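The figures here come from the full heavy-atom set of this structure, side chains too, leaving out hydrogens, waters and symmetry mates. Residue numbering restarts at 1 for every chain, and letters A, B, ... go by the order of the sequence lines. Just so it is clear, the model here is predicted, and its values are computed rather than measured.
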2 protein chains.
Amino acid sequence: MTDDRRSAGAPTLEDVARAAGVSRATVSRVINGVRNVDPAIQEVVRQAVSVTGYAPNRAARSLVTRRADAVALVVSGAGVEAESGAGAAAGDGGSFTAQVFADPFFGRVVTGVVDYLRPRGMHPVLMFAETSRDRDEVVGYLRQGSADGALVVSTHAGDPLPGLLAEAGLAAVLFARPARPVPINYVDLAHQDGARLAAEHLLARGCRRLATISGPLDVPAGRARLTGFRDTLARHGHAYTPVAEGRFTQESGEAAMERLLAEHPDLDGVFAANDLMATGACHVLREHGRRVPEDVAVVGFDDSSAALACRPPLTTVRQPVEAMAAEMARLLLDRPTGPSSPATSVIFEPELVVRASA
Amino acid sequence: MTDDRRSAGAPTLEDVARAAGVSRATVSRVINGVRNVDPAIQEVVRQAVSVTGYAPNRAARSLVTRRADAVALVVSGAGVEAESGAGAAAGDGGSFTAQVFADPFFGRVVTGVVDYLRPRGMHPVLMFAETSRDRDEVVGYLRQGSADGALVVSTHAGDPLPGLLAEAGLAAVLFARPARPVPINYVDLAHQDGARLAAEHLLARGCRRLATISGPLDVPAGRARLTGFRDTLARHGHAYTPVAEGRFTQESGEAAMERLLAEHPDLDGVFAANDLMATGACHVLREHGRRVPEDVAVVGFDDSSAALACRPPLTTVRQPVEAMAAEMARLLLDRPTGPSSPATSVIFEPELVVRASA
DNA sequence: GTGAAAGCGCTAACAA
DNA sequence: TTGTTAGCGCTTTCAC
């Protein structure tokens with residue numbers, strides 16, 4: 001009886017040790033791949049492990065190693081207090097999370113993060129921070145040691161989360177430079193260069209009456225793409241560029257295109273600051289009887305799945321989101337963990353992808 | 001010195017207890033909201049908590065409670081050994097994860113799950129299982145106690161994961177009935193009823209030469225939607241219904257529409273088994289000079305964001321994905337945990353959403 | 001109503 | 001190279 005009184009719960013190190021006739025420490029060494037263990041014993045232990053069906057208890061391990069083998073992947077929203085409380089019936093553009101996933105962009109971030117994490121036995125815990133209460137939850141979660149750090153994607157300017165994280169001395173990496181400087185690592189894209197590529201392509205194609213649908217101007221990326229586009233045109237002798245501001249959604253892209261068309265019915269080329277808005281622009285152009293690209297050429301930004309889904313397929317500026325996301329994870333985990341080490345940033349270069357729309 | 005030698009790491013229960021002048025046990029009781037604690041003492045403890053900035057260590061707690069306060073949200077892919085290894089450069093339709101997120105459907109699942117989990121202080125850990133190695137990882141993860149159960153969404157028929165989970169006696173709930181019966185809880189939609197709604201709408205609209213773009217026929221949902229559509233038409237005197245099989249992607253919807261159009265140039269109504277394929281169908285129809293809905297009416301399925309993004313906006317069959325996902329979580333966590341309790345299934349009713357495409 | 005003490009399962013010194 | 005031992009921080013009987 002005394003022998004298998006443990007038979008109840010899951011097998012523990014102790015069980016394996018007994019089965020293999022060695023100490024817990026030795027089993028632990030084998031499992032963690034520590035050297036200095038007799039090959040013969042290693043084999044015995046491995047046998048015992050598979051016989052008992054042992055799986056190490058992660059909580060126990062975390063307790064002593066002080067690592068969670070998990071990272072928080074947080075999508076951080078408005079700085080304002082929406083306190084919207086979610087609600088099940090999300091028609092569309094409804095709850096924050098629904099909105100987030102409407103852009104194929106976020107899926108690519110997940111892809112990149114998972115690809116980096118998985119080979120390392122780590123996993124992302126999904127968190128959405130919209131209200132200040134949510135943000136406290138994220139900070140609390142990390143302080144509890146539930147995750148080894150945070151990967152944060154802000155959807156709005158002036159997001160307070162990066163500041164809170166930095167203040168609490170928690171490990172974190174941002175996707176994109178924060179609107180206001182915060183001492184945190186981040187990865188970003190050379191947005192201006194991307195916009196320049198778009199402008200040059202449109203110009204080379206012969207377009208002369210260009211306009212742009214910008215992203216939100218309080219977001220650094222939105223502003224940079226506009227600046228890059230405008231400056232390039234200016235350098236080529238186009239002093240004035242009509243702008244309609246969008247919010248990176250297809251719907252806002254449609255509205256912006258309507259405005260642009262109303263004020264400049266003769267335009268022959270449009271640069272939209274992301275693919276979703278470019279798709280919306282294409283819809284509106286077609287509804288107004290303009291052919292894309294014959295009458296009006298359209299260039300998008302991101303090279304997300306929306307670019308391929310669009311009719312015609314979008315010529316766009318590729319943002320290597322997956323690689324950027326993987327780099328975020330690397331920055332978070334590979335760092336010399338010194339809280340004193342200066343904030344690093346890694347900037348990626350965009351690339352023009354020519355398809356049918358321009 | 002002896003007094004604050006703990007100042008190093010994060011504050012522990014011990015620290016709070018000392019600051020409050022009570023025992024660890026009492027602090028623990030207050031924190032966990034256990035009754036039988038003097039209100040005055042509760043207050044003192046709360047003070048001490050905020051003074052010390054205490055946050056309970058989750059690993060330590062999990063170790064004793066045997067709960068992780070996390071669930072695995074797993075997207076499970078092919079039964080076949082792809083061993084594709086991911087790879088950073090996901091052009092599109094590339095890596096498994098990228099493909100998953102290309103359908104707005106999955107984002108809605110996340111939304112529903114998070115909405116349910118969050119108020120309960122729990123979080124979803126994202127996992128993707130494509131190869132058998134991945135599946136073992138998922139099983140191992142749960143066996144380690146890293147999550148309290150799994151919420152699984154299979155993208156392919158014959159996915160072995162549900163079986164593995166059931167076999168290992170792990171808590172799990174599926175989205176959609178498994179292709180082959182497995183003793184596991186699941187939530188699902190009355191697909192046939194949904195397809196019936198689509199058929200009746202098309203018929204009521206006056207369409208007489210109908211066709212359908214089905215989902216993969218080895219997936220129960222794909223088959224059920226086809227059956228429901230076909231049977232309804234048959235009941236209304238339409239003995240034969242042309243079918244083109246798709247794979248639930250926009251691209252496959254385009255290809256299917258091309259085939260349908262080639263063989264039945266006179267069709268006046270199409271039911272696509274999801275919105276992505278319906279969108280693809282609209283593109284192809286337009287390219288062939290057919291107006292939607294004047295020449296050909298199109299009905300989709302899901303009511304995902306793709307339905308609204310489409311031009312014209314899709315008339316579609318709404319699948320309450322968020323509510324279904326929340327129900328999955330509820331089933332997983334609210335159950336009397338008896339491994340002997342019989343498998344439950346909750347079936348949701350679809351609803352027709354009429355927009356412009358039909 | 002409160003405290004003392006016994007672990008939960010594991011890793012990491014330190015001995016041997 | 002291997003075993004012994006001391007915790008990691010928390011919850012939870014069990015006395016008081």
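Shown here are the side chain to side chain contact (heavy atoms under 4.5 Å, CB included) partners of B:S154, two or more places apart in sequence or in another chain: B:S76, B:V152, B:D159, B:P162. Every residue two or more places apart in sequence or in another chain that forms a side chain to side chain contact (heavy atoms under 4.5 Å, CB included) with B:T65 is listed here: B:R61, B:R67. Here B:R180 pairs with nothing under the side chain to side chain donor-acceptor pair (under 3.5 Å) rule; sequence neighbours left out. Partners of B:A176 according to the side chain to side chain contact (heavy atoms under 4.5 Å, CB included) rule, which considers only residues two or more places apart in sequence or in another chain, are B:D188. Applying the side chain to side chain contact (heavy atoms under 4.5 Å, CB included) criterion to B:T344, with sequence neighbours excluded, gives B:N185. Every residue was checked against the salt bridge (Lys or Arg N to Asp or Glu O under 4.0 Å) condition with A:R120, not counting sequence neighbours, and none meets it.
A salt bridge links A:D15 with A:R18: the closest approach of a Lys/Arg side-chain nitrogen to an acidic carboxylate oxygen falls below 4.0 angstrom.
Atom CG of B:L63 is separated from atom C1' of D:dG9 by 9 Å (rounded to the nearest Å). Nucleotide C:dT2 holds its C1' atom 15 Å from the CZ atom of B:R35, rounded to whole Å. Atom CG of A:D15 and atom P of C:dC8 are 11 Å apart (whole Å). Straight-line distance from the CG atom of A:L13 to the C1' atom of C:dC8: 13 Å, rounded to whole Å. A straight line from CG of B:N57 to C1' of C:dC8 spans 13 Å, rounded to a whole angstrom. To the nearest angstrom, P of D:dG3 lies 15 Å from CZ of A:R18. Rounded to whole angstrom, the span from the CZ atom of A:R61 across to the C1' atom of D:dG7 amounts to 18 Å. Regarding B:R58, its CZ atom lies at a distance of 20 Å from the P atom of C:dG9, rounded to whole Å.
Among residues at least two apart or in separate chains, there is no salt bridge (charged side-chain N to carboxylate O under 4.0 Å, His left out) pair with a member in residues 39-60 of chain A. A ring pair (Phe, Tyr, Trp, His ring centres under 6.0 Å) check over residues 128-154 of chain B, counting only residues at least two apart or in different chains, returns the pairs A:H123-B:Y141.
For A:R66 and D:dG9, the shortest distance from a side-chain N or O to OP1 or OP2 is below 4.0 Å. Contact between the side-chain N/O atoms of B:S23 and the OP1/OP2 oxygens of C:dT2 is not found at any separation under 4.0 Å. A sub-4.0 Å separation between OP1 or OP2 of D:dG9 and a side-chain N or O of B:T12 is absent. B:N36 has a side-chain polar atom (N or O) that falls below the 4.0 Å cut-off from OP1 or OP2 of C:dG1.
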Donor-acceptor contacts under 3.5 Å from residues 29-37 of chain B side chains, at least two apart:
unit_1, atom_1, unit_2, atom_2, d
B:N32, ND2, B:S28, O, 2.8
B:N32, ND2, B:S28, OG, 3.3

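Interatomic distance, B:M324 CE to B:R108 CZ, rounded to the nearest 0.5 Å: 9.5 Å.
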Pairs: protein N or O with nucleotides 12-16 of chain C N or O, under 3.5 Å:
none

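In the region residues 38-46 of chain B, proximity to DNA chain C at under 4.0 angstrom, judged on heavy atoms, holds for B:D38, B:I41.
Residues A:E14 and A:T12 have side chains that never bring a donor and an acceptor to within less than 3.5 angstrom of each other.
In the helix from C:dG1-D:dC16 to C:dA16-D:dT1, the rotation axis of the first five pairs and that of the last five pairs differ in direction by 40°, rounded to 10 degrees.
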